[in-house]
Amino acid sequence: MSTTIYDRFSEIKDFDEAKAGVKGLVDAGITEVPRFFIHPTEKISTSPTTELQIPVIDMKDVNMRKKEIVEKVKEASETIGFFKVVNHGVPNKAMDEMLDAIKRFMEDDEEVKKKYYTRDYKRKVVYNCNFDLYSSPAANWRDSLFLNMAPDPPEKEEVPHAFREIVFEYSFHMKKLGEVLLELISEALGLKPDYLKEMECGKGIGIACHYYPPCPEPHLALGTSKHSDRGFLTILLHDKTIGGLQILYKNKWVDVPPSPGCLIINIADLLQLISNDKLKSVEHRVLASKEGPRLSVACFLVTQYSPSSMVYGPIMELLANGSAPIYREVVIDEFNKYYYSKGLDGKSALDHFKL
Ligand SMILES: O=C(O)CCC(=O)C(=O)O
Ligand SMILES: [Fe+2]
């Protein structure tokens with residue numbers, strides 16, 4: 001083993017054992033980004049295109065306007081893989097309170113936060129810095145709190161104080177909106193409305209609360225490196241004023257500016273897999289910034305979290321016209337294990353499951 005590799009590992013380990021995250025570094029007054037956060041320049045540099053605006057879909061009176069909305073969801077899900085929704089039924093107050101809870105938790109006393117710092121994903125409440133800290137090529141400039149809210153939510157006492165009042169309510173809204181979206185997407189695929197719900201694509205709800213502290217050298221680091229999401233569908237609430245989210249469209253990065261009140265929906269890997277590539281799980285990332293903290297809440301609709309022996313493969317009805325399956329059937333535990341071990345390394349997990 002070379003000395004450089006050894007040094008990198010122990011630097012990461014020391015950082016992890018301090019349990020203070022990126023925020024701890026910023027609070028300590030660092031002016032340079034530690035080496036293990038440095039991404040190769042070509043992975044950061046960007047000349048974003050303005051060619052594309054993410055479609056905004058108005059969900060008002062969704063049942064009355066179903067046909068029109070399904071068409072829009074279909075178009076966006078088959079091409080850009082992302083769309084925004086307005087009049088989605090999630091109260092602004094609940095969204096504001098979630099963002100506020102992230103700030104309160106992350107800015108709480110280090111000793112309070114440390115109690116939740118872990119890499120044991122069997123726990124329902126996990127606070128750490130980079131779930132893939134030890135496996136990814138370079139760490140990301142963010143701290144996160146993961147709450148595994150469905151199907152088996154944590155006890156109230158297991159949840160940090162800052163989230164105790166709001167996260168159960170937020171999770172209820174996510175489940176409700178998730179079911180409507182899965183219905184629209186089922187219909188967009190030409191399936192009966194409750195098809196994806198019956199497949200349990202929205203049974204599990206994982207909520208990732210991200211806190212991106214200001215970065216002293218944003219040209220060297222990333223907030224979140226290029227990745228596509230693991231589950232079926234993601235409902236993303238992002239910062240009201242600080243941008244940074246970019247999605248990859250036709251090999252170019254597209255800026256997604258803040259849009260208070262909107263939620264951003266994206267197709268994730270397992271939906272691409274079961275739709276046999278009809279729907280697109282598109283790569284995205286978050287730039288680091290001198291401005292901060294940037295806050296976001298990513299709600300992942302997944303099937304039951306591990307251990308899960310559920311098996312998913314391309315939907316039979318979608319192969320009825322003679323299309324060949326692109327993916328083999330996958331046990332969820334195997335998919336999760338592969339996704340986690342690979343980390344956010346910029347490559348799609350889906351390739352691994354292609355026939
Ligand atoms: O913070 C964001 O805006 C995006 C986060 C994200 O992509 C994720 O958690 O998968
Ligand atoms: Fe993501």
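Treat the numbers as computed from the prediction; the structure is a model and nothing was measured. For ligands, and for the atoms within them, numbers begin at 1 and follow the listed sequence.
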Would the number of heavy atoms belonging to other residues, nucleotides or ligands and lying under 6.0 Å from CD of Glu107 be above 12?
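Yes, because the 6.0 Å sphere around CD of Glu107 holds more than 12 heavy atoms from other groups.
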
Taking only heavy atoms of [X] into account, list the atoms of ligand 1 that are under 4.0 Å away from them.
X      : answer
Asp229 : 10 (O)
Ala298 : 9 (O)
Ser296 : 1 (O), 2 (C), 3 (O)
Val286 : 1 (O), 2 (C), 3 (O), 4 (C)

Ignoring hydrogens and geometry beyond distance, is a side-chain donor-acceptor pair present between His210 and Ser144 at under 3.5 Å?
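A pair is found: one side chain offers a donor N or O, the other an acceptor, under 3.5 Å apart.
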
Counting heavy atoms only, name the option from His210, His227, Lys226, Arg230 that's nearest to atom 9 (O) of ligand 1.
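It is His210 that holds the nearest heavy atom.
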
Going by the closest heavy atom to atom 7 (O) of ligand 1, which one wins out of His284, His238, Arg285?
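Result: the heavy atom closest to atom 7 (O) of ligand 1 is in His284.
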
Can you find a heavy atom in the side chain of [X] that is under 4.5 Å from one in the side chain of [Y]?
X      : Y      : answer
Val282 : Ile80  : no
Arg285 : Trp253 : yes
Leu350 : Leu273 : yes

Looking at Asp194 and Lys197, is any side-chain nitrogen of the basic one under 4.0 Å from a carboxylate oxygen of the acidic one?
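No, no charged N to carboxylate O under 4.0 Å.
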
Glu334/Arg328 ion pair, N-O < 4.0 Å:
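Yes, charged N to carboxylate O under 4.0 Å.
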
Out of Phe163, Tyr211, Phe105, which residue meets the ring-ring contact (aromatic ring centres under 6.0 Å, His included) rule with Tyr127?
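Only match with Tyr127 under ring-ring contact (aromatic ring centres under 6.0 Å, His included): Phe105.
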
Please give me the protein atoms (N, O or S only) lying under 2.8 Å from the Fe ion (ligand 2), ordered by chain and number.
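Per the 2.8 Å query on the Fe ion (ligand 2), atoms found are His227 NE2, Asp229 OD1, His284 NE2.
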
Looking only at protein heavy atoms, which one is nearest to atom 3 (O) of ligand 1, and what is the separation?
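Checking every protein heavy atom, the shortest distance to atom 3 (O) of ligand 1 gives Arg294 NH2, 2.8 Å.
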
Indicate yes or no: does an N/O atom of Thr224 lie under 3.5 Å from an N/O atom of ligand 1?
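Thr224 vs ligand 1: no N/O contact under 3.5 Å.
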
Would Phe232 and Tyr312 count as a ring-ring contact (aromatic ring centres under 6.0 Å, His included) here? Give the steps.
CA-CA 11 Å; Phe232 289 94; Tyr312 287 90; 5.1 Å; yes

Given Leu245, Ile235, Ile247, the one that forms side chain to side chain contact (heavy atoms under 4.5 Å, CB included) with Ile264:
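Per the side chain to side chain contact (heavy atoms under 4.5 Å, CB included) rule, the option paired with Ile264 is Leu245, out of Leu245, Ile235, Ile247.
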
